[in-house]
Amino acid sequence: MLRMRTCVASLLAMLLVVATAVTAADATQAEIDALKKDIEDLRKKLNTSGAPAMKSSVDKALDSKYGPNATVTTKAGKLTISGLVQVWYYSIQNDNEGLFNDAAVNGIADTNEASDNDSFRIRRTELKFTMDIHENVTAVVMIDPAREASSFPLITDNQGTSGGVFKRRNNIASEFDDANDVPGSATVVSAVQQGSGAVPRLLQDAYINYHGVVPHHDFTIGQFKPPFGEEGLRSSAQLDFVERSFIGILGDKRDLGVQVHGTWWDDRFQYWFGAFNGAGNLYGSGGDSQNRADDNDEKDLALRAIVRPLWKDETWGSIELGWSSQFGHKGESSSEDPVDSPINGLNRNRNWAARHGAWLSYFAGGPVKGLWLRGEWAWIKDRNAPNQVLDVLGASTGDDGFAQTNGGVFDSHGFYGSIGYKISDSIWCDSAPGWLKPFEFAFRYDQFENVQLADLVNPEHTDNFTTRVCTVGVNYYIKGHNAKIMANYNFVDHPDGEADGDNREFHDTQSDSFVVSFQVAF
């Protein structure tokens, strides 16, 4: 055995000398590849004999060359790069009148022409860098240049805003913004006319995670999603439908803060506790909470817990139950009416705000394997920023008489339920024809009080109206969630304005939509 090792080592040394000479003489790439193959064969034999593994100078030299197939190196730690690309094509029913359009009675011109155009869209372009700098320390940075766009409508309900859920007054014609403006200068219309973007939202996640020291716990500080809800926290590559539900969109927001996460019994019981800036408000009318300084000294507290009484059971499947809450004070240094009687300060009324959510998911096992069910509910209580809610009677005071200048605290709630069947996970997978196996069929009912108007009697009070959306979806998995095509049709039912005894009548805006999403995740 010793003689064999000596012989192999001698041959290897000779090849190394030859390889070095060839490299010095500017050998061809084919010769270098052949030498590498011979050296690798010898190394395998040497390793089989029990001798320590060796790395040749040729390997070291080639590792430092440019690609293709070059080794990725970092100054320190281990770097993992992942990403997501989603490209949409959507078609929306054409209706040039918006929900609040009422030229005959109140003189309101609410245009929908900016939000009913068929279009291609780059929905997501996520690029994520995960650096394991130490066995206990990981840093994550995720950017999404597609988030900078602000002129696209919300595909499940184009009467909402592109970055959120709620319909307030973004499309209202300019006489309600400034008497000197010309029609078509409202926020959404202007964004489409001018191709304008939003405040910087390129930076999504930027945090450091500390783990592996305190048993069952890890700690995160930086910018990331507060632990609220289920669908909002789920990866955008793992969605069941092209777009999140109303509740899911509200949970898909970043903030700056710190969080503790605990997990027990193979992840079957988990909890999160965090403190966040909570800038703006929970309705989103005060701007995004990410990439900005806090607007008061208060911090929001966030709690989340899940329990999985059944998990990956072959007969019964998996069940997850969850609850989450976020609460804190909003606003600072404001007079009673921040528009009519402004002061030299931030001009945001101080109030207590909160939101709560609960959800259930079930993935069946046994004979109905492939069937899944999800449901989620959320309740929000907060106030809107001044001049964000339409006052159709002009009862408010201030420079903008047709906008609510001093809205009070109010609550909104909604829920969704969805069901689906995935052929590749079913008991019929082996017997199904090949063309059918990649398909998944899904349906979702989604409703939320997303339409907001100042009350007809007391303009400081906000009235809510409910939008309902039924979504029929077909998903085709080319390579799991990494490569798939999704097609959704959204049946949209807007409120008529006469709910709860209110003497209003909204325009019956037709805004059903069809959207196809092409996705690659890596």
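Ring pair Phe439/Tyr476 is perpendicular by interplanar angle, where above 60° counts as perpendicular and below 30° as parallel. Using cut-offs of 30° and 60° on the angle between ring planes, the pair Phe219 and Tyr210 is tilted. Using bins of under 30°, 30° to 60° and over 60° for the plane-to-plane angle, the ring pair Phe448/Phe246 lands in the tilted bin. Using the six-membered ring where Trp is involved, Tyr477 and His481 have ring planes that are perpendicular, over 60° apart on the 30 and 60° scheme.
No donor-acceptor contact under 3.5 angstrom links the side chains of Gln290 and Asp255, judged on distance only. Side-chain contact annotation: Asn158 with Ser115, donor-acceptor N/O pair under 3.5 Å absent. A side-chain donor from one of Asn464 and Ser412 sits under 3.5 Å from a side-chain acceptor of the other. Looking only at atom types and distance, the side chain of Asn96 has no donor-acceptor partner in the side chain of Asp116 under 3.5 Å away. The closest side-chain donor-acceptor pair between Ser325 and His356 falls under 3.5 angstrom. Using modelled atom types, one finds a donor on one side chain and an acceptor on the other under 3.5 Å when comparing Arg355 with Gln326. If you check the side chains of Gln510 and Asp512, you find no donor sitting under 3.5 Å from an acceptor.
No donor-acceptor pair under 3.5 Å is formed between the side chain of Ser513 and the backbone N or O of Ser91. Counting only distance, with no hydrogens or angles, the side chain of Arg348 and the backbone of Gly280 share no donor-acceptor pair below 3.5 Å.
Using a cutoff of 4.0 Å between basic side-chain nitrogens and carboxylate oxygens, Asp382 and Lys330 are not scored as salt-bridged. Taking the charged nitrogens against the carboxylate oxygens, Lys128 and Asp144 have no contact shorter than 4.0 Å, which rules out a salt bridge. The residues Asp240 and Arg374 are annotated as salt-bridged, a charged nitrogen and a carboxylate oxygen being separated by less than 4.0 angstrom. A salt bridge links Asp294 and Lys299; the closest N-O separation between the charged side-chain nitrogens and carboxylate oxygens is under 4.0 Å. The pair Glu243-Arg124 meets the salt-bridge criterion, since a charged nitrogen lies less than 4.0 angstrom from a carboxylate oxygen. With respect to Lys484 and Glu440, no salt bridge is recorded, no charged nitrogen being found less than 4.0 Å from a carboxylate O.
Of all non-hydrogen atoms in Tyr283 and Arg168, the two that sit nearest each other are O-NH2, 2.6 Å.
Asp288 pairs in a salt bridge (charged side-chain N to carboxylate O under 4.0 Å, His left out) with only one of the listed residues (Arg147, Arg254, Arg201), which is Arg201. Applying side chain to side chain donor-acceptor pair (under 3.5 Å) to Thr138 and the options Thr220, Asp132, Asn209 leaves one that passes, Asp132.
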